[in-house]
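Each chain gets a letter, A, B and so on, in the order the sequences are listed, and its residues count up from 1. Excluded from the calculations below are hydrogen atoms, water molecules and symmetry mates; all remaining heavy atoms, backbone and side chain alike, are included.
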There are 2 protein chains.
Amino acid sequence: MENPTPVPPPHAAKDVTEHVGYRLKRASAALRNAMDRALREHGLTVPQYSCLELLDEQPGLSNADLARGTFVTRQSANVVLRGLKDAGLITRPATAAQGRALPVHLTSAGRERLHLARRAVYSIEVRMIGGVPADRLPALLSDLDAMTEALDG
Amino acid sequence: MENPTPVPPPHAAKDVTEHVGYRLKRASAALRNAMDRALREHGLTVPQYSCLELLDEQPGLSNADLARGTFVTRQSANVVLRGLKDAGLITRPATAAQGRALPVHLTSAGRERLHLARRAVYSIEVRMIGGVPADRLPALLSDLDAMTEALDG
DNA sequence: ACCGGCATGTCAAAATGCTGACATGGAGAA
DNA sequence: TTCTCCATGTCAGCATTTTGACATGCCGGT
């Protein structure tokens, strides 16, 4: 009487490695690893790079914005920002002109560092995408998006 | 003269959220979050659950095997195993009969806990997969696999 | 037999991330 | 206005994970 009802598997799968979650995690880990190694040569961590990329695109984002954008907590993002500020790659006002949000901006050194690191990161993305047929890329993006929405919504 | 040569983007993309890496990370984060919440009710962390799942399928795996299987370092896996052992969910010999690898096995309590937690996790996977067209699932699995291989190989 | 390479388990230290909690500022309802 | 709700920034404590290092046991070629 330990387990009378076997759990119905999400879909036909011989073992764990056939599960979407496993593949997703594995791909994500591989990407994280590759980015870690590449960014280390530029003196950046993955969260730091992610913040720089977001800030280059949307200057003035707040700490909370960056936390959401990089999928970590506000507290973690705060630590990252402190590191970037100490490195002179971003600026952050000590007081808020209005509200509590403190808008973060890239310094020219930050922009420069980002542009250098971006080369390395993009080449990784190119290598990663190289494995999948080009005509399936839109579907892949869409499916990843759908999965996220299905979980978050 | 700051950046004479713009970096060629990996593929046509208006912003960062169009990049495969971003989508991948986002989906992975959403899954991780959902699993964290679900497994907490069962007193398990994601790495712990992952180890139990692997051990149920392949009894006798070593710490290093589990580290590779869960995409963490041997040291991290060791901490996880210690937790599982303290909880009485696994057994681990103190000495190796041959070689250095110590084969890990599930206890009946471990199997029971796994079967309970599996329901919650599978329902998450079902929900996640629910967002993508069923006929695209094989391609999705294949593409995730291809990306991993392109990065690791 | 010997030795070099390699995988494993483990220790120590540091970095990283999260949970819980609290104070502040703003928007909207009563 | 006043009050309630929500988002933000931040502090403290804890958990998790990684890097770096070292000792042990096997397996290959020499």
Asks: Could you state whether A:Leu39 and A:Val79 fall into the same hydrophobic cluster, counting links through intermediate Ile, Leu, Val, Met, Phe, Trp or Tyr residues with side-chain heavy atoms under 4.5 angstrom apart?
Replies: no

Asks: Are A:Val121 and A:Leu137 linked, directly or through other ILVMFWY residues, by side chains that come within less than 4.5 angstrom of each other?
Replies: yes

Asks: Strictly below 4.0 Å, N to O, side chains only: are A:Asp36 and A:Arg40 in salt-bridge contact?
Replies: no

Asks: Rounded to the Å, how far apart are A:Arg32 CZ and C:dA15 C1'?
Replies: 12 Å

Asks: Establish, with yes or no, whether the OP1 or OP2 oxygen of C:dC18 is under 4.0 angstrom from a side-chain nitrogen or oxygen of B:Arg37.
Replies: no

Asks: Strictly below 4.0 Å: does A:Ser76 bring a side-chain N or O up to OP1 or OP2 of C:dC18?
Replies: yes

Asks: Would you find more than 12 non-hydrogen atoms of other residues, nucleotides or ligands less than 6.0 Å from B:Glu57 atom CD?
Replies: yes

Asks: Going 5' to 3' on DNA chain D, which nucleotide is the first and which the last to come under 4.0 Å of a heavy atom in chain B?
Replies: D:dT16 to D:dC26

Asks: Going hydrophobic residue to hydrophobic residue with side-chain gaps under 4.5 angstrom, can you get from B:Leu52 over to B:Phe71?
Replies: no

Asks: Of all of residues 93-103 of chain A, which get a heavy atom below 4.0 angstrom from DNA chain D, listed by number?
Replies: A:Arg100, A:Ala101, A:Leu102

Asks: Could you identify which residues of residues 64-75 of chain A place a heavy atom less than 4.0 Å from some atom of DNA chain D, listed by residue number, or say none?
Replies: A:Ala64, A:Arg68, A:Arg74, A:Gln75

Asks: Could you tell me how far apart A:Asn63 (CG) and C:dG17 (C1') are, to the nearest whole angstrom?
Replies: 14 Å

Asks: Check for me, please, whether A:Met35 and A:Val72 land in the same ILVMFWY cluster - side-chain distances under 4.5 Å, paths through other members count.
Replies: no

Asks: Take B:Cys51 and B:Leu84 through the test side-chain contact (heavy atoms from CB on, under 4.5 Å) and record every step on the way to the result.
Replies: CA-CA 9 Å; B:Cys51 280; B:Leu84 289 174; 4.0 Å; yes

Asks: Quick one: pull up NE2 in B:His19 and CD1 in A:Ile129 and give me the separation to the nearest 0.5 Å.
Replies: 8.5 Å

Asks: Run the numbers on A:Gln48 and A:Thr45 for side-chain contact (heavy atoms from CB on, under 4.5 Å), then give the verdict.
Replies: CA-CA 5 Å; A:Gln48 283 176 337; A:Thr45 66; 3.2 Å; yes

Asks: Please determine if B:Arg111 and B:Asp56 form a salt bridge, counting it only when a charged side-chain N lies under 4.0 Å from a carboxylate O.
Replies: no

Asks: Quick check for you: to the nearest 0.5 Å, what is the distance between B:Arg113 atom CZ and B:Leu106 atom CG?
Replies: 12.0 Å

Asks: Provide the full list of salt bridge (Lys or Arg N to Asp or Glu O under 4.0 Å) pairs with a residue in residues 75-94 of chain B, sequence neighbours left out, each pair given once.
Replies: none

Asks: Specify the angle, to 10°, made by the local axes at the two ends of the helix from C:dG4-D:dC27 to C:dA30-D:dT1 when five pairs are taken at each end.
Replies: 30°

Asks: Taking the six-membered ring for Trp, are A:His42 and A:Tyr49 closer than 6.0 Å centroid to centroid?
Replies: no

Asks: Please list residues of residues 40-49 of chain B whose heavy atoms come under 4.0 Å from any atom in DNA chain D, ordered by number; otherwise none.
Replies: B:Thr45, B:Pro47

Asks: Please report, rounded to the nearest Å, how far the C1' atom of C:dA13 is from the CG atom of B:Asn78.
Replies: 16 Å

Asks: Hey, does the side chain of A:Ser28 reach the backbone of A:Leu24 with a donor-acceptor pair shorter than 3.5 angstrom?
Replies: no

